[in-house]
Amino acid sequence: MRALVPDTAPDGGPHHVAIIMDGNGRWAQARGRPRLFGHHAGARRVREVVEACPDLGIKYLTIFAFSTENWKRTQVEVAGLMSLFRRYISKETRALDARGVRVRFIGDRVRLDAKLIGLMDQLEEQTRHNDSVHLTIALNYGGRDEVARATKRLAEDVADGRLDPADVDEETLPRYLDTHVLPDPDLVIRTSGEARISNFLLWQSAYAEYEFIDTLWPDFTAEELRRLCTSYGARDRRFGAVPA
Ligand code: FPP
């Protein structure tokens, strides 16, 4: 069953890690710098983390870059983040491709500007044969929004006679989610000391293990990721069953 199979790397570490990269603003403020300075530092961390994945047995890495709620930030911060995403994609495409990283985006593209969408499409297309690490970037993503969009498409299939309501079970909805080609996350990490999931991968993380750590995202290192993977390996994931 898709959602309930424990998925581990050969050494017992997580196969799919999802990260809520929080704390960029506080990191910048602590240095007397504008919030965008922190986002730029955060973007540099992404490269180190992606590069660490193969050694740690992490095949899937999903990162939360911009939520459906982040539009509530100031116009300056939103525009700065959008410009950072465009720059990141233009600058990192070659390195990601050379490392065999396959990049996907999840989230609703309707509010994103055409130039950014073009770059996203191109990065997905250019890396689509890669298989070393599957990097998924959640951009204008919200778990509730994703479930609502999925439900709408499911309802359209019912209305058009392609789907019988009697056949709808918990295997059906995931096929309509943005993440339909990905396994469920095994480990969800949130940096910056906040212990909430903020609308990230709501359906997919039903049985994930969680790590809430104090480190601010721009200070997060591959070494810390290694430590979290090791501690994941020591956890007993029972998926509702009793120990054998
Ligand atoms: C949350 O920190 C972070 C974000 C809303 C943006 C995440 C973006 C990045 C790490 C930058 C680049 C990502 C890619 C894929 C290039 P916050 O601003 O809420 O921090 P705070 O809680 O300290 O204010």
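Numbers for residues simply follow the sequence, beginning at 1. Start at 1 and go down the list; that is how both ligands and their atoms are numbered. Computed from a predicted model, the values in this text were never measured in an experiment.
Taking every heavy atom of Trp217 and a limit of under 4.0 angstrom, the matching atoms of ligand 1 come to 10 (C). Atoms of ligand 1 found under 4.0 Å from any heavy atom of Asn70 (numbered from 1 in listed order, with element): 5 (C).
Considering only non-hydrogen protein atoms, atom 4 (C) of ligand 1 sits nearest to His39 CE1, 3.9 Å. At the top of the distance list for atom 19 (O) of ligand 1, counting protein heavy atoms only, stands Arg73 NH2, 2.8 Å. Summary of contacts: the protein heavy atom closest to atom 17 (P) of ligand 1 is Asp22 OD1, 3.5 Å. Of all protein heavy atoms, the one closest to atom 13 (C) of ligand 1 is Phe85 CE2, 3.9 Å. The nearest protein atom to atom 3 (C) of ligand 1, hydrogens excluded, is given as Met21 O, 3.2 Å; this is a heavy-atom distance. Among all protein heavy atoms, the one lying closest to atom 10 (C) of ligand 1 is Asn24 ND2, 3.3 Å.
The side-chain heavy atoms of Leu116 and Phe85, taken from C-beta on, include a pair separated by under 4.5 Å. Proximity of Tyr232 to Glu211: side-chain heavy atoms (C-beta onward) are nowhere separated by under 4.5 Å.
Between Ile137 and ligand 1, no N or O atom pair is found at a separation short of 3.5 Å. Between Trp27 and ligand 1, a contact under 3.5 Å exists for no N or O pair. Checking only distances, Tyr88 never comes within under 3.5 Å of ligand 1, N or O to N or O. Between Gly25 and ligand 1, at least one N/O pair is under 3.5 Å apart.
Nearest-residue assignment for atom 7 (C) of ligand 1 (options Ser192, Ala43, Ala65; heavy-atom criterion): Ala65.
A search for salt bridge (charged side-chain N to carboxylate O under 4.0 Å, His left out) contacts involving Arg162 returns Asp157, Asp160, not counting sequence neighbours.
Using a 4.0 Å cut-off between charged nitrogen and carboxylate oxygen, Arg86 and Asp113 count as a salt-bridge pair. In summary, Glu77 and Lys72 do not engage in a salt bridge, as defined by a charged side-chain N under 4.0 Å from a carboxylate O. Glu224 and Arg45 are not joined by a salt bridge, as no carboxylate oxygen comes within less than 4.0 angstrom of a charged side-chain nitrogen. In this structure, Arg109 pairs ionically with Asp121, as a charged nitrogen and a carboxylate oxygen lie closer than 4.0 Å.
Residue pairs meeting the ring pair (Phe, Tyr, Trp, His ring centres under 6.0 Å) criterion with at least one member in residues 126-163, sequence neighbours excluded, are Tyr60-His134, Phe64-Tyr141.
Under 4.0 angstrom from ligand 1, the non-hydrogen atoms of Arg35 all belong to its side chain.
Not a single heavy atom of Arg45 sits under 4.0 Å from any atom of ligand 1.
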What do the steps show when you test Tyr176 against Val147 for side-chain contact (heavy atoms from CB on, under 4.5 Å), and what is the final call?
CA-CA 8 Å; Tyr176 291 83; Val147 170; over 6 Å; no
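Panel note: side chain Trp217, backbone Gly42; a donor-acceptor pair is recorded below 3.5 Å.
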